[in-house]
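Okay, structure first, notes after.
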Amino acid sequence: MTEEEVRQKLALLRIEHRDLDHAILALSNGGTADMLQLARLKKRKLMLRDQIAMLEDYLIPDIIA
């Protein structure tokens, strides 16, 4: 993967993460929340966060000073 492809993938993952955040908020504020659906959305959001962190580490590697 080139750096540009990684940046594009990162942008898409961030958008999906933000959309899931809005969906979770809407579902939990909707009154009768479907707890199973809510748990699935939260699990997906955590998985996206891990993928985002991995790609960010790829773009900005740790430098031992």
Side-chain angles (χ1 to χ4, degrees):
M1 234 194 251
T2 67
E3 185 175 331
E4 184 59 32
E5 291 172 336
V6 171
R7 289 185 188 281
Q8 289 175 353
K9 177 74 173 172
L10 190 56
L12 291 174
L13 290 175
R14 284 181 176 149
I15 290 169
E16 186 177 352
H17 187 269
R18 185 186 65 231
D19 290 345
L20 277 174
D21 203 23
H22 293 296
I24 290 168
L25 185 62
L27 188 61
S28 62
N29 288 339
T32 57
D34 180 4
M35 298 310 278
L36 182 60
Q37 181 67 21
L38 195 58
R40 287 179 179 158
L41 290 175
K42 287 181 178 182
K43 186 175 181 178
R44 173 74 180 148
K45 186 178 169 193
L46 287 173
M47 188 177 71
L48 286 173
R49 185 188 69 185
D50 291 343
Q51 289 178 349
I52 289 169
M54 182 185 68
L55 290 175
E56 286 174 341
D57 287 346
Y58 175 79
L59 289 175
I60 307 168
D62 291 337
I63 298 173
I64 301 173

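Residue numbers start at 1 and run along the sequence shown.
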Are any of the side-chain heavy atoms of [X] and [Y] separated by less than 4.5 Å?
| X | Y | result |
| --- | --- | --- |
| Arg18 | Lys45 | no |
| Lys9 | Leu13 | yes |
| Glu4 | Gln8 | yes |
| Leu46 | Arg49 | yes |

Shared ILVMFWY cluster between [X] and [Y], side chains joined below 4.5 angstrom?
| X | Y | answer |
| --- | --- | --- |
| Tyr58 | Leu10 | yes |
| Val6 | Met47 | no |
| Leu20 | Leu38 | yes |
| Leu25 | Leu27 | no |

Would the distance check show the side chain of Glu5 and the main-chain N or O of Thr2 forming a donor-acceptor pair, the cut-off being under 3.5 Å?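 Side chain of Glu5 to backbone of Thr2, a donor-acceptor pair under 3.5 Å: yes, one is there.
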Within this structure, what is the [atom1]-[atom2] distance for the pair [X] and [Y], rounded to the nearest 0.5 Å?
| X | Y | atom1 | atom2 | answer |
| --- | --- | --- | --- | --- |
| Leu41 | Leu36 | CG | CG | 9.5 Å |
| Asp19 | Arg44 | CG | CZ | 11.5 Å |
| Leu48 | His17 | CG | NE2 | 6.5 Å |

Salt bridge check: are Glu56 and Arg7 linked by an N-O gap of less than 4.0 Å?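 Looking at Glu56 and Arg7, the cut-off is not met.
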Neighbour count above 12 (heavy atom, 6.0 Å) for Leu59 CG: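 Yes, because the 6.0 Å sphere around CG of Leu59 holds more than 12 heavy atoms from other groups.
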Does atom NZ (Lys42) have a neighbourhood of more than 12 heavy atoms from anything else shown, all under 6.0 Å?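 No, the 6.0 Å shell around NZ holds no more than 12 heavy atoms from other groups.
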